[in-house]
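A short worksheet on the structure shown next.
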Amino acid sequence: MNLLRLILLITTGWLGLILLRRWLLGRDSFPDNSNQPPSPPLHMVRCAHCGLHLPQQNALRKDTHWYCTRLHLEADQNKQRDD
């Protein structure tokens, strides 16, 4: 029974220290990022060859089609020539 009391006392002390630390440091111990504007959402495009969605800034464009790699761009052009 004494061991149970000791464990309960240690646990209570540990929780008390955590609460005291939070109270002394303020409500949060995390930095306040509320003054930074959120980053704008990325415009996503779909690869005309494989269907992968990727950010437009990382994609390759040919006419009205977008591609994830030069290999897919060339493969799609070769496919169109063969048709």
CG/Asn2 to CG/Leu9 distance, rounded to the nearest 0.5 angstrom? 12.0 Å
Just list the side-chain donor-acceptor pairs under 3.5 Å for residues 61-71, sequence neighbours left out, or say none.
{"unit_1": "Arg61", "atom_1": "NE", "unit_2": "Asp63", "atom_2": "O", "d": "3.0"}
{"unit_1": "Tyr67", "atom_1": "OH", "unit_2": "Asp76", "atom_2": "OD2", "d": "2.5"}
{"unit_1": "Thr69", "atom_1": "OG1", "unit_2": "His72", "atom_2": "N", "d": "3.2"}

Heavy-atom check, side chain of Ile7 versus side chain of Leu3, under 4.5 Å: yes
Going through the checks in order, is the side-chain contact (heavy atoms from CB on, under 4.5 Å) test met by Leu8 and Leu4? CA-CA 6 Å; Leu8 186 61; Leu4 184 60; 5.7 Å; no
Give me the atom names and distance for the closest heavy-atom approach of Leu42 to Pro55. CD1-CG, 4.0 Å
Tell me who clusters with Trp14, hydrophobic residues only, linked when side chains sit under 4.5 Å apart either directly or through other members. Leu15, Ile18
d(Met44 CE, Leu54 CG) to nearest 0.5 Å is 6.5 Å
